[in-house]
**Student:** 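Submitted below is the structure of interest, expressed as structure tokens.
Please read all numbers here as calculations on a predicted model, not as lab measurements. Residue numbers start from 1 in every chain, and the chains themselves are labelled A, B, ... in the order their sequence lines are given, proteins ahead of strands.
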Number of protein chains: 2
Amino acid sequence: MKEVNKHQKIIKAAVKVFAEKGFYNARVSEIAKEANVADGTIYLYFKNKDDILISLFEEEFGKLVENMRKEINKEKDALQKIKRFAVSHLSFVAKQQQLAEVFGVEVRQSSKFMKEYVNKPFIEYLNLIRSVVIEGQEAGLIRKDLTPGIMKRAVFGALDEMSRYWVLSSKKKHSVDEAALQISDVFIWGMMSEEARKNYPWSNG
Amino acid sequence: MKEVNKHQKIIKAAVKVFAEKGFYNARVSEIAKEANVADGTIYLYFKNKDDILISLFEEEFGKLVENMRKEINKEKDALQKIKRFAVSHLSFVAKQQQLAEVFGVEVRQSSKFMKEYVNKPFIEYLNLIRSVVIEGQEAGLIRKDLTPGIMKRAVFGALDEMSRYWVLSSKKKHSVDEAALQISDVFIWGMMSEEARKNYPWSNG
DNA sequence: ATTGAATGAATGATTATTCATTCAACAGTT
DNA sequence: AACTGTTGAATGAATAATCATTCATTCAAT
């Protein structure tokens, strides 16, 4: 049976099962069932259960990083890039809930125990923010007393916690769009240099 | 042998083992060994392995919430409370690394526990921030267009991501104190109302 | 006839949990 | 103070269940 890409089919099934059950409570047999392949077939495409998670992360998160890089480059000033980052991040979460759940809830936790595996795509993602902060400081838009390495974690953390709420809660009281705007707005005003606050052409809304 | 509180001894051992290995890779027998009790003794004090994690969370996080409530009440204006929250949160992380690791990495990120176990103490902790935001809005210090339910997640998320970096990284490039100050400063400036920005007696440093 | 992708039942390891047994502490009795 | 019975906390070897992984076999395609 020359079929569609099994690797991809298994990854897709794994996203679903990992999101529903969590990595440790996910059964390889259930992923196989979801992907419509035999249990053993998984092992023709992946070394083991860990490898499914790692591959899925490398591949899918890799795409996300590339996509985000393009998104923020649509803006030319650093403060607008922050806003674009927030909106894109949360829009991805809303569109790809299961994947977001695996990224946010499972991977960073699990990666701790996969000693060898340094989470390259994740670090890259964080460093997109860091670059924007540095760029903003060089342009005089962002306060120079702020450490880019701290700010990248603050911005990402704020968005990530919001994502977790969005993905895990069933109620979804706040809209993700509204959250993205409010969070980026607070960071923009909070990080903006004194000078920029006077001159920057800002129509807050 | 009438001994010291075994319940407490087991919890303490569990914190250490969970922090080192993660919940799913932690062995009950290892917790027993660490606590100097027999494997079976654990089951005289806890229903099962899950129950160890849940109890530890309820008890230890409960203390943290109470402590934080006292801390922020040392300040009387909302913006200073935000700062105090940030400093206390990260100072706790630095002082109780293993416990912080279990709180941050194991409990909150484990979708199994987030989904099946409604995390009362955690919600209470978040709502401390929410109350402060509301208080600040009522006093005219904080912009009224910001949703307290979004802000509580943004502030907590920023601090939490910083904590995760701090506990998991071995390098510890940034000091936690510095991080707390920068993060709270950005939030304070970002959330402050136009009016407060003019009148508030602020010595930024 | 040959190949090798795919299968899924069987295997082997791992571990949470149980429970028959031990033993220290104390109370009552002589 | 010595002996005996009772209690229940503590033990840890044995159990039972769960799953990741394997591999002998099948079978579709060429």
**Student:** Tell me the interatomic distance from A/K47, atom NZ, to D/dA20, atom P, rounded to whole angstroms.
**Tutor:** 16 Å
**Student:** For D/dA20 and A/R27 - does any side-chain N or O of the residue sit under 4.0 Å from the phosphate oxygens OP1/OP2?
**Tutor:** yes
**Student:** Could you state the CG-C1' distance from B/L44 to C/dT17, rounded to the nearest angstrom?
**Tutor:** 12 Å
**Student:** Is there a side-chain contact (heavy atoms from CB on, under 4.5 Å) between B/W189 and A/V186? Walk through the geometry before answering.
**Tutor:** CA-CA 8 Å; B/W189 280 98; A/V186 166; over 6 Å; no
**Student:** D/dA10 C1' sits how many Å from B/K9 NZ, rounded?
**Tutor:** 11 Å
**Student:** For B/E30 and C/dT14, give me the distance from atom CD to atom P, rounded to whole Å.
**Tutor:** 15 Å
**Student:** Would you list the protein and nucleotides 12-17 of chain D atom pairs, both N or O, that sit under 3.5 Å from each other?
**Tutor:**
unit_1 : atom_1 : unit_2 : atom_2 : d
D/dG12 : N7     : B/G40  : N      : 3.2

**Student:** Which one of A/V155, A/I134, A/I72, A/L159 satisfies the side-chain contact (heavy atoms from CB on, under 4.5 Å) criterion with A/I129?
**Tutor:** A/V155
**Student:** Picking from D/dA20, C/dA6, D/dA10, which would you name as closest to the side chain of A/V28?
**Tutor:** D/dA20
**Student:** Of all the choices, C/dA16, C/dT7, D/dA9, which nucleotide is nearest to the side chain of B/K49 once you look at every atom?
**Tutor:** C/dA16
**Student:** State whether A/K81 and A/E75 are salt-bridged, where the test is any N-O pair (Lys NZ or Arg NE/NH1/NH2 against Asp/Glu carboxylate O) under 4.0 Å.
**Tutor:** no
**Student:** Answer with yes or no whether the side chains of A/H7 and A/E59 bring together a donor and an acceptor at under 3.5 Å.
**Tutor:** yes
**Student:** Checking all strands, does A/F46 fall into the base, sugar-phosphate, or nothing category for heavy-atom contacts under 4.0 angstrom?
**Tutor:** nothing
**Student:** Does B/K6 have a side-chain nitrogen or oxygen under 4.0 Å from the phosphate oxygens OP1 or OP2 of D/dA9?
**Tutor:** no
**Student:** With respect to the side chain of A/Y43, which nucleotide from C/dA16, D/dT22, D/dA10 is positioned closest?
**Tutor:** D/dT22
**Student:** For A/Y165, is the NZ or CZ atom of B/K152 found under 6.0 angstrom from the centre of its six-membered ring and inside 45 degrees of the ring axis?
**Tutor:** no
**Student:** Please give, in whole Å, the distance from D/dT11 P to B/K33 NZ?
**Tutor:** 15 Å
**Student:** Please state how far atom CG in B/N25 lies from atom P in D/dC19, giving the value in whole angstrom units.
**Tutor:** 15 Å
**Student:** Taking OH from B/Y45 and P from C/dT18, how many angstroms apart are they, rounded to a whole number?
**Tutor:** 17 Å
**Student:** Does B/F57 have B/K120 sitting over its ring (NZ/CZ under 6.0 Å from centre, angle to axis within 45°)?
**Tutor:** no
**Student:** Roughly how many Å is it from OH in B/Y24 to C1' in C/dT15, rounded to a whole number?
**Tutor:** 15 Å
**Student:** Does a donor on one side chain and an acceptor on the other come within less than 3.5 Å for B/T147 and A/E178?
**Tutor:** no
